[in-house]
S.K.: 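Quick one: structure below, then a few questions.
First the proteins, then the strands, lettered A, B, ... as listed; each starts at 1. Both backbone and side-chain heavy atoms feed into the values below; hydrogens, waters and symmetry mates do not. Just so it is clear, the structure is predicted and the values come from calculations on it, not from any experiment.
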Amino acid sequence: MNRSPVRVRFAPSPTGYLHVGGARTALFNWLLARQSGGAFILRIEDTDRTRHVEDSLRKIMADLRWLGLQWDEGPEVGGPYGSYFQSECLARYHHCADRLLRSGNAYYAWETPEELNALREQARREKRAFKYPRPDPLPTIDAGLAAQRAGKPVVVRFKMPESDICVSDVILGEVEMKREELEDFVILKSDGWPTYHFAVVVDDHEMQITHVLRGQEHLMNTPKHIALQRALGFDTPVYAHLPIIMNMDGSKMSKRDKDRSVRAAYQQAVKAGTLDETTACAISGVDAGTFVEWRAANTTLESDALRKLADHLHVRPPEIDVHDFRASGYLPEALTNFLALLGWSPGHDREILTRNEMVELFSIERIGKTSARFDREKLLAFNTQYCAAAAPQHLLAAFRDYAEASGSPLGKLDDTMLLRVLEVCRGMRTLADVDNKSGVLFVPDEQVRYEPDAVRKVLEKKDGQGYAILERLLPVLESTEPWTAEVLDAAIKSFAEQQNAKLADVAQPLRVALTGRTISPTIGETLALLGRGRTHARVRRCLSLRGAA
RNA sequence: GGCCCCAUCGUCUAGAGGCCUAGGACACCGGCUUUUCAAGCCGGCAACGCGGGUUCGAAUCCCGCUGGGGUCACCA
């Protein structure tokens with residue numbers, strides 16, 4: 001608190017949806033900016049055109065906004081520090097590269113990928129670490145230009161200084177990197193585009209970034225960035241490397257996890273003979289070559305294709321991207337609260353925090369060093385709490401968003417009805433629970449599917465006692481007036497007493513008759529929501545279906 | 001494998017030498033509530049990786065070991 005204004009950035013590359021790990025990084029940066037009265041900048045690192053995924057920028061921005069992390073400078077909002085797309089800043093990078101070339105801090109090189117790979121392979125065989133062998137003497141600028149004209153794949157490499165580099169990290173302390181470990185890395189690719197290391201350093205300086213909060217997987221990149229900053233005469237920002245977020249099994253949480261789970265289900269289906277490669281390929285909608293590569297675990301599938309396949313296989317891949325959580329019915333405030341506690345703690349046994357409290361309490365000093373496992377159960381518990389505490393109108397808005405992201409059939413209800421359904425489903429862990437519990441009340445009667453287990457255990461047992469009760473109950477329902485939850489509950493209760501039956505012996509058969517399952521809102525609400533006509537129709541249909549299946 | 005980072009209940013963590021017979025939350029187990037599923041309420045189990053130091057005193061400081069993770073591209 002009360003620190004001087006910082007300038008921080010979140011810099012995704014547009015290669016897909018926003019990952020939860022990225023979301024936490026964005027959140028921490030945003031918190032720091034807000035509490036210091038500084039600026040949170042969104043910058044798009046789109047220097048690899050081969051990995052660019054159509055529409056991903058729009059999705060990333062939508063998810064950031066969903067999380068409540070609006071940026072002060074960047075796409076759609078502009079700002080004083082030039083384009084926030086690296087693809088539009090090529091001149092900037094070339095200018096800096098020229099400076100390095102001329103000052104002797106960088107040089108041209110033109111080995112082919114094959115030559116480089118051969119060198120790496122050789123190093124591997126000799127069991128030593130590969131390091132790009134700096135030519136001696138260095139090629140002249142003219143020689144580089146000539147090679148370029150001759151059609152060679154000419155890159156610019158940075159000449160690493162001859163000294164050890166110490167990274168001062170607010171979280172990790174001083175991290176010493178030996179000079180021998182650092183190689184002359186590429187800053188300009190042969191296609192003329194900058195590499196990540198170079199673009200980051202140039203842009204962070206250009207945008208006057210003061211603090212860099214990023215994942216710990218970037219720690220080994222930092223000495224490169226510091227060396228570059230020194231050679232260009234730039235200030236080094238404050239670095240803070242965040243602990244890595246891992247799966248419960250200890251592996252790094254990555255988008256590949258989704259592919260893994262779907263691939264496993266696919267292979268199982270093939271083994272069981274319920275699916276073949278051609279069909280699966282058609283379902284996913286990708287071409288055969290792409291599919292074969294995916295099946296062999298060499299690549300990941302684009303998210304739409306993966307979802308189609310997952311749906312067909314009836315598997316739920318783990319939520320990894322922010323959008324996955326959105327479509328699974330999580331509230332943004334629950335997700336961000338949970339994410340905030342992954343690697344950070346406000347102390348004093350505080351856990352549930354409003355956004356304002358987070359802003360107030362956040363500090364880099366209280367970020368931990370140890371990697372954190374992503375415990376879905378705990379997130380679920382947070383979400384349950386947030387759902388329970390949400391005001392009706394807020395829950396309604398959240399559900400509308402969820403319905404859009406998930407395609408929930410309840411999305412077509414009007415506000416009044418949806419509000420009522422939401423109220424009746426209080427106690428939900430996710431918004432998807434509302435679908436599970438009440439969805440069937442809003443489908444056409446003939447679409448009600450009777451679960452064999454439910455029919456057997458509730459309707460058929462004891463010589464069809466459930467059916468018998470329903471037959472006797474029908475006239476009672478016909479005469480009940482008015483058709484409201486309270487009155488219906490009372491009517492069913494007194495019917496049960498009169499029959500000398502437990503309430504459950506009446507309510508459960510009725511529930512199964514109306515929904516095909518043993519799960520629904522309270523029986524009175526279920527009837528009220530359904531209405532008199534459909535209630536009768538469903539009970540009669542249930543009775544007429546007796547023994548049919 | 002080289003380099004780097006890390007190490008408190010199953011999980012997220014509090015703990016900055018005595019306040020620790022180690023606190024909270026989730027999960028788990030038991031009970032209550034109950035017309036289903038949830039939710040809710042009450043209670044319980046459960047950790048300082050190991051070995052050396054330093055100190056009157058160590059979860060807290062130092063060293064070693066072990067274990068886990070990250071990273072080694074013309075990807076970001």
S.K.: When you compare G43(B) with C5(B), how far apart are their P atoms, in angstrom units rounded to a whole number?
M.R.: 45 Å
S.K.: Roughly how far apart, to the nearest Å, are A59(B) and C65(B) at atom P?
M.R.: 23 Å
S.K.: Looking only at side-chain N and O atoms, does His394(A) offer a donor or acceptor that is under 3.5 Å from a partner on Tyr386(A)?
M.R.: no
S.K.: Determine the Euclidean distance between corresponding C1' atoms of G24(B) and U66(B); express it in Å to zero decimal places.
M.R.: 30 Å
S.K.: Classify Ser345(A) by what it touches in the nucleic acid, base, sugar-phosphate, or nothing, heavy-atom distance under 4.0 Å.
M.R.: sugar-phosphate
S.K.: Measure from NZ or CZ of Arg157(A) to the centre of the six-membered ring of Tyr108(A), then state whether that distance is under 6.0 Å and the direction lies within 45° of the axis.
M.R.: no
S.K.: Taking side-chain contact (heavy atoms from CB on, under 4.5 Å) as the test, write out the residues that go with Val170(A), two or more places apart.
M.R.: Val238(A), Ala240(A), Ile364(A), Glu365(A)
S.K.: With P as the reference atom in both, quote the distance from G1(B) to G44(B) in angstrom, rounded to an integer.
M.R.: 46 Å
S.K.: What does C20(B) pair with, Watson-Crick or G-U, if both distances are under 3.5 Å?
M.R.: none
S.K.: For the residue pair Phe325(A) and Phe374(A), is the inter-centroid distance of their aromatic rings smaller than 6.0 Å?
M.R.: yes
S.K.: Return the nucleotide paired to U35(B): Watson-Crick means purine N1 to pyrimidine N3 with N6-O4 or O6-N4, wobble means G-U with N1-O2 and O6-N3, both under 3.5 Å.
M.R.: none
S.K.: Pairing check on C72(B): which nucleotide meets the Watson-Crick or G-U wobble criteria with it, both distances under 3.5 Å?
M.R.: G1(B)
S.K.: Could you list the residues that satisfy salt bridge (Lys or Arg N to Asp or Glu O under 4.0 Å) with Glu45(A), not counting sequence neighbours?
M.R.: Arg43(A)
S.K.: Please step through side-chain hydrogen bond (donor to acceptor under 3.5 Å, both in side chains) for the pair Arg260(A) and Ser254(A), ending with a clear verdict.
M.R.: CA-CA 10 Å; Arg260(A) 249 197 294 274; Ser254(A) 97; 4.7 Å; no
S.K.: For Phe28(A), does the six-membered ring have the charged nitrogen or CZ of Arg24(A) within the cation-pi criterion, i.e. under 6.0 angstrom from the centroid and within 45° of the normal?
M.R.: yes
S.K.: What nucleic acid atoms does Thr384(A) come within less than 4.0 Å of, heavy atoms only: base, sugar-phosphate, or nothing?
M.R.: sugar-phosphate
S.K.: What interatomic distance, in whole Å, is found between C1' of G52(B) and the corresponding atom of U71(B)?
M.R.: 32 Å
S.K.: Excluding sequence neighbours, so at least two apart, what forms side-chain contact (heavy atoms from CB on, under 4.5 Å) with Ala398(A)?
M.R.: Leu331(A), Leu431(A)
S.K.: Using the P atoms only, state how far A22(B) lies from C50(B), rounded to an integer number of Å.
M.R.: 16 Å
S.K.: When all nucleic acid strands are considered with a 4.0 Å heavy-atom cut-off, which category describes Gln216(A): base, sugar-phosphate, or nothing?
M.R.: sugar-phosphate
S.K.: How is Arg511(A) classified with respect to the nucleic acid when contacts are heavy atoms under 4.0 Å: base, sugar-phosphate, or nothing?
M.R.: base
S.K.: May I ask you to list the residues of residues 195-206 of chain A, by number, that have any heavy atom positioned under 4.0 Å from an atom of RNA chain B?
M.R.: Thr195(A), Tyr196(A), His197(A)
S.K.: Please check if atom CZ in Arg316(A) has more than 12 non-hydrogen atoms from other residues, nucleotides or ligands closer than 6.0 Å.
M.R.: no
S.K.: Show me the donor-acceptor pairs, under 3.5 Å and distance only, between side chains in residues 11-20 of chain A and residues at least two apart or in other chains.
M.R.:
{"from": "His19(A)", "atom 1": "ND1", "to": "Gly21(A)", "atom 2": "N", "distance (Å)": "2.8"}
{"from": "His19(A)", "atom 1": "NE2", "to": "Met253(A)", "atom 2": "O", "distance (Å)": "3.3"}

S.K.: Going by number, which of residues 181-189 of chain A have a non-hydrogen atom under 4.0 Å from RNA chain B?
M.R.: Glu181(A), Val186(A), Lys189(A)
S.K.: If the threshold is 4.0 Å, N to carboxylate O, is there a salt bridge linking Glu162(A) and Arg134(A)?
M.R.: yes
S.K.: Does G10(B) have a Watson-Crick or wobble mate here (both distances under 3.5 Å), and if so which one?
M.R.: C26(B)
S.K.: For the residue pair Arg429(A) / Thr384(A), report whether a side-chain donor-acceptor contact shorter than 3.5 Å exists.
M.R.: yes
S.K.: Near RNA chain B, under 4.0 Å by heavy atom, which residues of residues 488-497 of chain A?
M.R.: Asp489(A)
S.K.: Please classify the nucleic acid contact of Pro521(A) as base, sugar-phosphate, or nothing, using heavy-atom distances under 4.0 Å.
M.R.: base
S.K.: Per the salt bridge (Lys or Arg N to Asp or Glu O under 4.0 Å) rule, what does the pair list look like for residues 111-125 of chain A, sequence neighbours excluded?
M.R.: Glu121(A)-Arg124(A)
S.K.: When you compare G57(B) with G18(B), how far apart are their C1' atoms, in angstrom units rounded to a whole number?
M.R.: 7 Å
S.K.: Any luck finding a side-chain donor-acceptor pair between Ser168(A) and Glu174(A) under 3.5 Å?
M.R.: yes
S.K.: Which residues in residues 364-375 of chain A have a heavy atom closer than 4.0 Å to any atom of RNA chain B?
M.R.: Arg366(A), Lys369(A), Thr370(A), Ser371(A), Ala372(A), Arg373(A), Asp375(A)
S.K.: Using a 4.0 Å heavy-atom cut-off, does Asn221(A) contact any base of the nucleic acid, only the sugar-phosphate backbone, or nothing at all?
M.R.: base
S.K.: Pairs under 3.5 angstrom only: tabulate donor-acceptor contacts from the side chains of residues 420-427 of chain A to other protein residues two or more places apart or in another chain.
M.R.:
{"from": "Glu423(A)", "atom 1": "OE2", "to": "Arg426(A)", "atom 2": "NE", "distance (Å)": "3.4"}
{"from": "Arg426(A)", "atom 1": "NH1", "to": "Cys387(A)", "atom 2": "O", "distance (Å)": "2.8"}
{"from": "Arg426(A)", "atom 1": "NH1", "to": "Ala388(A)", "atom 2": "O", "distance (Å)": "3.3"}
{"from": "Arg426(A)", "atom 1": "NH1", "to": "Ala390(A)", "atom 2": "O", "distance (Å)": "3.3"}
{"from": "Arg426(A)", "atom 1": "NH2", "to": "Ala390(A)", "atom 2": "O", "distance (Å)": "3.0"}

S.K.: What pairs with Leu419(A) under side-chain contact (heavy atoms from CB on, under 4.5 Å), at least two apart in sequence or on another chain?
M.R.: Pro392(A), Gln393(A), Leu396(A)
S.K.: Using a heavy-atom cut-off of 4.0 Å to chain A, what are the terminal contacting nucleotides of RNA chain B, in 5' to 3' order?
M.R.: G2(B) to A76(B)
S.K.: In the strands shown, is C61(B) matched to any nucleotide by a Watson-Crick or G-U wobble pair with both distances under 3.5 Å, and which?
M.R.: G53(B)
S.K.: Contact class for Gly343(A) (heavy atom, under 4.0 Å): base, sugar-phosphate, or nothing?
M.R.: sugar-phosphate
S.K.: Counting the benzene-type ring for Trp, do Phe198(A) and His225(A) have ring centres under 6.0 Å apart?
M.R.: no
S.K.: Answer yes when Arg517(A) and Asp453(A) have at least one side-chain N-carboxylate O distance shorter than 4.0 Å, and no when they do not.
M.R.: no
S.K.: Looking for any heavy atom pair under 4.0 Å, which part of the strands does Ile523(A) touch: base, sugar-phosphate only, or nothing?
M.R.: base
